[in-house]
Amino acid sequence: MKPSDEHANCGAISQLLARIGDKWTVLVVEMLRDGPMRFSEMRRAIGSISQRMLTLTLRGLERDGLVTRTVYPTVPPRVEYELTTRGRTLREPLCALAEWVRKHQSAIEQAQKRFDDEHVDSKNVRHSPRRVPPLALVRSRSRP
């Protein structure tokens, strides 16, 4: 493979990893694990997501072929989102990543605290992003 091909391939991989590693994508994929859901159901279940961000997330997943959008001809129109076959294959690596986080979260938080304590004067330290709802909690609120 030529260096220019490797660079192009790296860019494509980075772009896709940015999509599937996004906090909202992870939540949406997890929420759709049991089947189709309406937009409003997802928005209520997540709670902290804006309508615009959920729309952008779903549109991106649809563009990537991970989610299908079905519009039913009712008044008002009913729209459901569902994981595609490819989208369902994403669940396994996301679950493995979530398990890795659960296993190492305490040690990472301790390392962050040690680092922060040692670098009190550092203003260039990037702290963890704000917390998002745990997947289990979001899922339990969305369906009984």
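Please read these numbers as outputs of a predicted model, since none were measured by experiment.
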Walk me through it: do Leu54 and Val28 pass the test side chain to side chain contact (heavy atoms under 4.5 Å, CB included)?
-> CA-CA 9 Å; Leu54 182 55; Val28 167; 3.8 Å; yes
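- To the nearest 0.5 angstrom, Met42 atom CE is 11.0 Å from Arg44 atom CZ.
- Legend: salt bridge (charged side-chain N to carboxylate O under 4.0 Å, His left out) pairs involving residues 46-74, not counting sequence neighbours, sorted by first then second residue: Arg19-Asp64.
- Leu32 approaches Tyr81 most closely through the heavy-atom pair CD2-O, 3.3 Å.
- Through direct or relayed side-chain contacts under 4.5 Å between Ile, Leu, Val, Met, Phe, Trp and Tyr, Leu56 connects to no other residue.
- Using a 4.5 Å cut-off on side-chain heavy atoms (C-beta onward), Trp24 and Ser50 make no contact.
- Between the side chain of Thr55 and the main chain of Gln51, a donor-acceptor pair closer than 3.5 Å is present.
- Of all the heavy atoms in Ile20 and Leu94, the pair that sits closest is O-CD2, 4.0 Å.
- The aromatic rings of Phe115 and His119 lie parallel to each other, with less than 30° between the two planes, well short of the 60° mark.
- No side-chain heavy atom of Glu82 sits under 4.5 Å from any side-chain heavy atom of Thr70.
- The CD atom of Glu109 sits 13.5 Å away from atom NE2 of His104, with the distance rounded to the nearest 0.5 Å.
- When hydrophobic clusters are built by joining Ile, Leu, Val, Met, Phe, Trp and Tyr residues whose side-chain heavy atoms come closer than 4.5 Å, directly or via intermediates, Leu17 is grouped together with Leu90.
- Separation of atoms CD (Gln110) and CZ (Arg114) is listed at 6.5 Å; rounding is to 0.5 Å.
- Of the N and O atoms on the side chains of Ser40 and Arg43, not one donor lies less than 3.5 Å from an acceptor on the other residue.
- Across every non-hydrogen atom of Arg86 and Gly65, the tightest pair is NH1-O, 3.5 Å.
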Under the side chain to side chain contact (heavy atoms under 4.5 Å, CB included) rule, what do Val67 and Thr84 come out as? Steps first, then yes or no, please.
-> CA-CA 5 Å; Val67 166; Thr84 62; 5.6 Å; no
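- At distances below 3.5 Å, not a single donor-acceptor pair connects side-chain atoms of Arg38 with backbone N or O atoms of Arg78.
- Note: Ile46 CD1 to Glu30 CD = 11.0 Å, rounded to the nearest 0.5 Å.
- No side-chain heavy atom of Leu66 sits under 4.5 Å from any side-chain heavy atom of Val29.
- Heavy atoms only, all atoms of each residue included: Val79 and Val71 are closest at CG2-CG2, 4.0 Å.
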